[in-house]
Asker: 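Just dropping this structure here.
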Protein chains: 2
Amino acid sequence: MLDRLGDRWTVLVLVELSKGTRRFRELERAIPGISQRMLTLTTKRLCRDGLVERTVYPTTPPQTDYRLTPMGKSLGGMVSALADWSRDHRDAITAARERWDDSDL
Amino acid sequence: MLDRLGDRWTVLVLVELSKGTRRFRELERAIPGISQRMLTLTTKRLCRDGLVERTVYPTTPPQTDYRLTPMGKSLGGMVSALADWSRDHRDAITAARERWDDSDL
DNA sequence: CCGTATCCGGTAGGATACTG
DNA sequence: CAGTATCCTACCGGATACGG
């Protein structure tokens with residue numbers, strides 16, 4: 001199951017959805033670099049795992065809402081905390097890398 | 001930087017090291033399925049990022065200890081929490097998948 | 001707008017063999 | 001024991017085109 005978290009896009013989608021309900025296109029724009037294909041695959045897997053719920057409104061043009069289930073929210077919280085951590089420590093890690101690259105090769 | 005967390009082996013190594021100092025072989029045995037190659041690559045990257053420290057004892061046979069740095073510990077705690085979460089919810093997720101697979105295809 | 005289907009190149013990573 | 005080096009393949013995932 002950690003395998004699923006070992007997926008870049010899954011983490012990013014969870015982070016975005018933990019901020020609130022999103023439509024397909026909103027997710028696509030909120031996650032730079034994701035392809036349409038990967039977004040559908042990722043959301044589908046999350047639905048299958050019972051972490052995300054999909055609501056389809058048969059309007060024209062069609063609209064689809066994605067939101068976290070209770071289980072998804074509990075996971076989303078932890079993943080968001082991880083995202084915050086990585087933001088807070090980015091500089092420290094960059095510095096560590098430069099130190100390493102200098103001393104080594 | 002989340003990219004690094006979006007790596008299966010990195011997460012597992014962090015979880016194991018957050019339990020304490022480990023030798024190379026101990027890590028290899030503690031993480032089923034990891035190859036020697038991936039273990040060296042993963043530990044090297046973690047060292048480079050300043051999350052893990054390596055201590056080499058020039059004995060025969062040689063011995064190498066890996067341990068988390070303070071920064072690594074703060075991350076390791078969060079990642080371990082994630083591992084606990086996935087253990088606690090494995091059944092619920094498996095059930096959700098079966099429900100999905102039945103209703104869909 | 002919200003997907004699905006097909007093609008296809010790059011690379012992650014396993015297997016293996018070899019050093020110190 | 002603790003790595004490094006080389007080969008080789010499967011699969012991930014981007015690009016594109018199309019359907020509802």
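Just so it is clear, the model here is predicted, and its values are computed rather than measured. Lettering follows sequence order; numbering is per chain, from 1.
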Asker: Classify R8(B) by what it touches in the nucleic acid, base, sugar-phosphate, or nothing, heavy-atom distance under 4.0 Å.
Answerer: nothing
Asker: So, is R23(B) near the phosphate of dA2(D), with a side-chain N or O under 4.0 Å from OP1 or OP2?
Answerer: yes
Asker: Under 4.0 Å from a heavy atom of chain A: give me the 5'-most and 3'-most nucleotides of DNA chain C that qualify.
Answerer: dC1(C) to dT6(C)
Asker: Of all the base pairs, Watson-Crick or G-U under 3.5 Å, which form stems of three or more consecutive pairs involving DNA chain C?
Answerer: C:3-20 with D:1-18
Asker: Rounded to the nearest 0.5 Å, what's the gap from CD on E53(B) to CG on L17(B)? Could you check?
Answerer: 11.5 Å
Asker: Could you tell me whether D84(B) and R87(B) have a side-chain N and a carboxylate O separated by less than 4.0 Å?
Answerer: yes
Asker: Does the T69(B) side chain pair with the main chain of G50(B), one donor and one acceptor, at a distance under 3.5 Å?
Answerer: yes
Asker: Distance check needed: dG3(D) P versus L46(B) CG, whole Å only.
Answerer: 13 Å
Asker: Can you tell me how far apart CE (M38(A)) and CG (D7(A)) are? Round to the nearest 0.5 Å.
Answerer: 6.0 Å
Asker: Does the pair V52(A) and L68(A) meet the rule for a side-chain contact (heavy atoms from CB on, under 4.5 Å), with working shown?
Answerer: CA-CA 4 Å; V52(A) 164; L68(A) 294 180; 3.8 Å; yes
Asker: To the closest 0.5 Å, what do you measure between OG1 (T21(B)) and CG (D65(B))?
Answerer: 6.0 Å
Asker: Considering only heavy atoms, which members of residues 31-45 of chain A lie under 4.0 Å from some atom of DNA chain D?
Answerer: S35(A), R37(A), M38(A)
Asker: Does Y66(B) put a side-chain nitrogen or oxygen below 4.0 Å from OP1 or OP2 of dC1(D)?
Answerer: no
Asker: What's the separation between atom CG in L39(B) and atom OH in Y66(B), rounded to the nearest 0.5 Å?
Answerer: 6.5 Å
Asker: Taking atom CG of D88(A) and atom CD1 of I93(A), what is their separation to the nearest 0.5 Å?
Answerer: 10.5 Å
Asker: Between D49(A) and R97(B), is the closest basic N to carboxylate O distance under 4.0 Å?
Answerer: yes
Asker: Compare every heavy atom of K44(B) with every heavy atom of W100(A), then report the nearest pair and how far apart it is.
Answerer: CZ2-CG, 4.2 Å
